[in-house]
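What follows is one structure encoded as structure tokens, with my remarks underneath.
Scope of the values below: all heavy atoms of this structure, side chains included, with no hydrogens, waters or symmetry mates. In what follows, chains carry the letters A, B, and so on, assigned in the order in which the sequence lines appear, proteins first and then strands, with residues in each chain numbered from 1.
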Protein chains: 2
Amino acid sequence: MASPLEKALQDPGSMKARILTSARRLFGDNGFSDTTTRMIAGDVGIDVSTLHYHWGEKQDLYEGVIGAVHEEIMERFQEVERRCRKADLGRRLEIAIDVMCDYLFANPEVANLILFGYFRKADHTAVLDVNITTYIANIAVAMGLAADQEAVSVQTKARILAVWHSVLNFISGQAFFRPMLDVAPETYAAVVKETLKFILVPAFTIDTAEALKTGSNNH
Amino acid sequence: MASPLEKALQDPGSMKARILTSARRLFGDNGFSDTTTRMIAGDVGIDVSTLHYHWGEKQDLYEGVIGAVHEEIMERFQEVERRCRKADLGRRLEIAIDVMCDYLFANPEVANLILFGYFRKADHTAVLDVNITTYIANIAVAMGLAADQEAVSVQTKARILAVWHSVLNFISGQAFFRPMLDVAPETYAAVVKETLKFILVPAFTIDTAEALKTGSNNH
DNA sequence: AACAATCTCCATCATGTGATGGAAACAATC
DNA sequence: GATTGTTTCCATCACATGATGGAGATTGTT
């Protein structure tokens with residue numbers, strides 16, 4: 001569907017791909033407005049106009065980054081779904097937490113990029129909006145919380161959003177929280193996984209039966 | 001401690017206070033970089049130089065906003081602490097969720113401002129950092145998860161961070177998630193409270209005894 | 001070697017932004 | 001009513017940023 005993106009991914013050494021890589025990291029670090037095209041060009045070691053030549057305007061490059069990240073995330077969800085077969089709900093949650101944490105800790109800019117998207121009031125929100133809705137439906141089905149992607153109750157959606165946020169925030173706020181907890185980087189990752197499982201697993205494993213039954217009436 | 005801030009709060013109709021109010025909302029909506037001093041001045045109905053006359057440079061105004069919000073939050077925590085006396089842990093959590101949700105839904109810019117702080121790599125992070133640490137310690141004590149503010153284990157800190165994030169994200173992402181859940185604003189608030197209690201209460205009420213015992217060894 | 005296509009850079013523009021100086025309006029005191 | 005201190009606005013500056021045009025370099029093809 002995204003032909004320029006495919007072309008860029010074909011050869012990671014191509015100029016277009018190199019720009020995308022730098023843009024991804026810098027946008028993730030500083031957000032859209034605090035990342036200048038000159039910063040990205042400087043990081044790649046090229047001129048600004050070369051950047052514009054390959055990607056058009058800044059907004060297009062940003063959407064290219066979001067698109068690439070989106071594809072990666074969807075791949076991870078498919079991995080979760082594969083590994084979740086024939087496991088109970090508690091185990092499924094643990095698998096999902098492990099897979100997503102491993103991925104996000106290895107690509108910390110991803111969590112930032114997604115969370116930045118919540119704030120931007122720009123026009124591209126529609127794009128990201130669709131993505132998030134897709135994530136939610138995917139998780140619901142993979143977790144066995146909904147029969148198909150169309151029949152996800154409000155409660156289930158809200159609960160998945162809460163889980164998803166919890167994961168993202170711990171990774172996104174890493175630079176902020178790790179010093180606060182005063183632990184080494186590797187320890188931080190372990191603490192995060194443990195905390196997520198501690199908080200999330202009991203709620204779903206204990207209460208799921210009732211939650212699904214009363215899932216369509218809101219208080 | 002903050003003398004200019006006190007002066008502004010003394011008279012809500014004063015120019016300095018009016019600027020602070022507009023700045024608070026606009027910074028909350030758009031973040032620091034996407035909010036211009038001209039936007040704020042325009043919202044108040046004054047000239048840019050009037051704004052600079054009262055508040056100095058943009059960064060100072062921003063810190064004024066953060067400071068005011070910080071004071072409000074601390075008041076809420078004190079309220080939680082008062083109302084938590086002689087209640088068990090599950091009930092304490094519910095009280096804390098209710099109080100903080102009511103406050104944040106009534107002042108939605110607050111959640112944005114705090115979350116924006118996670119991302120900004122600017123110099124003021126130290127200020128916010130201290131604030132967050134204070135929040136965490138306060139909650140830990142109010143919840144009865146730690147004896148005093150100095151003796152909070154890594155696990156407890158991480159768990160409180162997770163709770164705090166969950167609350168903030170639902171309010172901050174309201175404009176984003178409410179359409180996704182397709183519910184009315186009042187319903188959204190109810191769903192959020194319910195979801196938070198659903199997810200958070202079981203973990204702490206079931207597991208607390210063991211959690212506190214093994215609170216100092218990770219993994 | 002000649003040519004065409006692609007790529008990269010230098011110079012430059014238009015615009016928006018943070019910030020300031022100084023003039024004018026206002027308020028308070030005598 | 002004059003004087004002094006405070007507040008507000010107009011005009012303007014310096015600078016960073018997004019973006020472009022066109023010249024030069026590079027590569028591939030014949």
Short side-chain to backbone donor-acceptor contact, B/S172 and B/L168, under 3.5 Å |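 The answer is no, because no donor-acceptor pair under 3.5 Å joins these two groups.
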Please state whether the base of C/dG16 and the side chain of B/R38 form at least one donor-acceptor pair under 3.5 Å?
->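 No.
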Could you label the plane-to-plane angle of the A/F170 and A/F177 rings as parallel, tilted or perpendicular, counting under 30° as parallel and over 60° as perpendicular?
-> perpendicular
For the residue pair A/F32 and A/Y62, does the interplanar ring angle fall in the parallel (under 30°), tilted (30 to 60°) or perpendicular (over 60°) class?
-> perpendicular
Using 4.0 Å as the upper bound for N to carboxylate O, is an ion pair formed by A/R76 and A/E79?
->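 Yes.
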Ion pair check, A/E81 and A/R92, cut-off under 4.0 Å | no
Whole angstrom is fine here: how far is it from [atom1] in [X] over to [atom2] in [N]?
X: B/D60; N: C/dG18; atom1: CG; atom2: P; answer: 14 Å
X: A/H52; N: C/dC7; atom1: NE2; atom2: C1'; answer: 16 Å
X: B/K16; N: D/dT8; atom1: NZ; atom2: P; answer: 12 Å
X: A/I40; N: D/dT17; atom1: CD1; atom2: P; answer: 12 Å
X: B/F27; N: C/dG18; atom1: CZ; atom2: C1'; answer: 12 Å
X: B/I46; N: C/dC26; atom1: CD1; atom2: P; answer: 17 Å
X: A/L51; N: D/dT20; atom1: CG; atom2: C1'; answer: 13 Å
X: A/K58; N: D/dG18; atom1: NZ; atom2: C1'; answer: 8 Å

Short side-chain N/O contact to [N] OP1/OP2 from [X], under 4.0 Å:
X: A/T50; N: C/dC7; answer: no
X: A/H54; N: C/dT6; answer: no
X: A/T37; N: D/dG18; answer: yes
X: A/Y53; N: C/dC7; answer: yes
X: A/S49; N: C/dT8; answer: no

DNA chain D: B/M15 or A/V48, which has the more 5' nearest nucleotide?
-> B/M15
May I ask which nucleotide in the shown strands pairs with C/dC30, Watson-Crick or G-U wobble, both distances under 3.5 Å?
->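 Paired with D/dG1.
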With a 3.5 angstrom cut-off on both distances, give the Watson-Crick or G-U wobble partner of D/dT30, or none if there isn't one.
->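 Checking every strand shown, D/dT30 finds its partner in C/dA1, with both distances under 3.5 Å.
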